[in-house]
Amino acid sequence: MTAAARLADIRHRIARAERTAGRPAGSVTLVAVSKTFGADDVRDVIAAGQRVFGENRVQEAQAKWPHLKAETDGIELHLIGPLQSNKTAEAVALFDVIHTVDRDKIAAAIAAEGVKQGRLPRLFVQVNTGLEEQKAGIDPREAAAFVERCRTEHGLAIEGLMCIPPAEDAPGPHFALLAKLGKDVGVSGLSMGMSSDFEIAIGLGATHVRVGSALFGGRG
Ligand SMILES: *Cc1c(COP(=O)(O)O)cnc(C)c1O
């Protein structure tokens, strides 16, 4: 299958899941996760019409995206992987959306860079819904207070919440928890769902699905 055919298939499945859930057409944004794939693979997907992309490492994105962005109008780049505070300046300069705000130190660093650079990405707070020790994200019990501190102490608007359910769990309860937390804290964005479960996520309210392997092929 070509990149264009895979993209058409995923868009079709997103549209069908929107209809099934009784949600308006176009309410879900596809974030095409291009991590580990080279510029030529990305160009095929851009040529097929995709403009919103996700990367999980700042350094890899810096090597790949400045020229891809310069080549094409309307690219929107999302950081979906953990952000270290020593990479904040680069991340604020390159990304249009950051999905992984999860602690005060990072929120403060993003706010400071926003002032310095006169540019602030849109922001999502990552929630560790499975309470996994090795996984980034704020404890769900602390999410509401953290979002409030982002707003009042750091002066940051938060657009939504993001989660990555534990690989061994059924994803539905994690997506439902994220949706409930989003409602509680008053944000409209929900970044949830990947190649294997994006239709379930759309059924539970996802506004952004992050799809890599189903679009680009296996990462080997
Ligand atoms: C890699 C990655 C994805 C995409 O995963 P696929 O299973 O390839 O669709 C989504 N979200 C995050 C945070 C990732 O790191």
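FYI, side chains are in, hydrogens and waters are out, and symmetry mates aren't considered; it's all heavy atoms of this structure. As the structure lists them, so they are numbered: ligands from 1, and atoms in each ligand from 1.
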Check your understanding: In this structure, which one of Arg122, His78, Glu76 forms a side-chain contact (heavy atoms from CB on, under 4.5 Å) with Asp96?
Key ->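 For Asp96, the side-chain contact (heavy atoms from CB on, under 4.5 Å) check succeeds only for Glu76.
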
Practice item. Would you confirm whether Lys64, through its side chain, and Ser34, through its main-chain N or O, come within 3.5 Å as a donor-acceptor pair? Key: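 It does hold such a pair.
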
Among all protein heavy atoms in this structure, tell me which lies nearest to [atom], with the distance rounded to 0.1 Å.
atom                    : answer
atom 12 (C) of ligand 1 : Ile80 CD1, 3.4 Å
atom 3 (C) of ligand 1  : Met194 SD, 3.7 Å
atom 15 (O) of ligand 1 : Lys35 NZ, 2.7 Å
atom 9 (O) of ligand 1  : Ser195 OG, 2.5 Å
atom 11 (N) of ligand 1 : Arg210 NE, 2.9 Å

Practice item. List every atom of ligand 1 that sits less than 4.0 Å from any heavy atom of Ile164, numbering the atoms from 1 in the order shown and giving each element. Key: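 In order of numbering, the contacting atoms are 13 (C).
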
Point to revise | Distance filter under 4.0 Å to Val211 heavy atoms, resulting ligand 1 atoms | key: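 Within the 4.0 Å cut-off of Val211, ligand 1 contributes 9 (O).
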
**Study point:** Sub-4.5 Å side-chain heavy-atom contact between Ile14 and Ile10
**Key:**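 Yes, their side chains come closer than 4.5 Å.
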
Practice item. Taking the side chain as every heavy atom from C-beta outward, state whether Asp139 and Leu131 have any pair of such atoms under 4.5 Å apart. Key: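 Touching, per the 4.5 Å side-chain cut-off.
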
Review point. Taking N or O atoms only and a 3.5 Å limit, does Met162 qualify as a polar contact for ligand 1?
Key: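 No, there is no polar N/O contact under 3.5 Å.
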
**Study point:** Check: Ser196 N/O within less than 3.5 Å of ligand 1 N/O
**Key:**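 N/O-N/O distance below 3.5 Å does not exist for this pair.
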
Check your understanding: Heavy-atom contacts under 4.0 Å between Leu215 and ligand 1: side chain, backbone, both, or neither?
Key ->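 For Leu215, no heavy atom sits under 4.0 Å from ligand 1.
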
Practice item. Examine the proximity of ligand 1 to His99 and report which part, side chain or backbone, both or neither, has a heavy atom under 4.0 Å away. Key: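 Neither; no heavy atom under 4.0 Å.
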
Review point. Should Val31 and Leu79 be counted in the same cluster of Ile, Leu, Val, Met, Phe, Trp and Tyr side chains packed under 4.5 Å apart?
Key: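 Cluster IDs for Val31 and Leu79 differ.
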
Point to revise | Salt-bridge criterion met for Arg6 and Asp9 (N-O under 4.0 Å) | key: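 Not counted as a salt bridge, because no side-chain N and carboxylate O are separated by less than 4.0 Å.
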
Check your understanding: Checking salt bridge (charged side-chain N to carboxylate O under 4.0 Å, His left out) for the pair Glu60/Lys35: CA distance, chi angles, key distance, verdict?
Key -> CA-CA 8 Å; Glu60 181 183 343; Lys35 68 186 186 199; over 6 Å; no

Check your understanding: With under 30° as parallel and over 60° as perpendicular, where do the rings of His99 and His208 fit, or are they tilted in between?
Key ->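 Perpendicular.
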
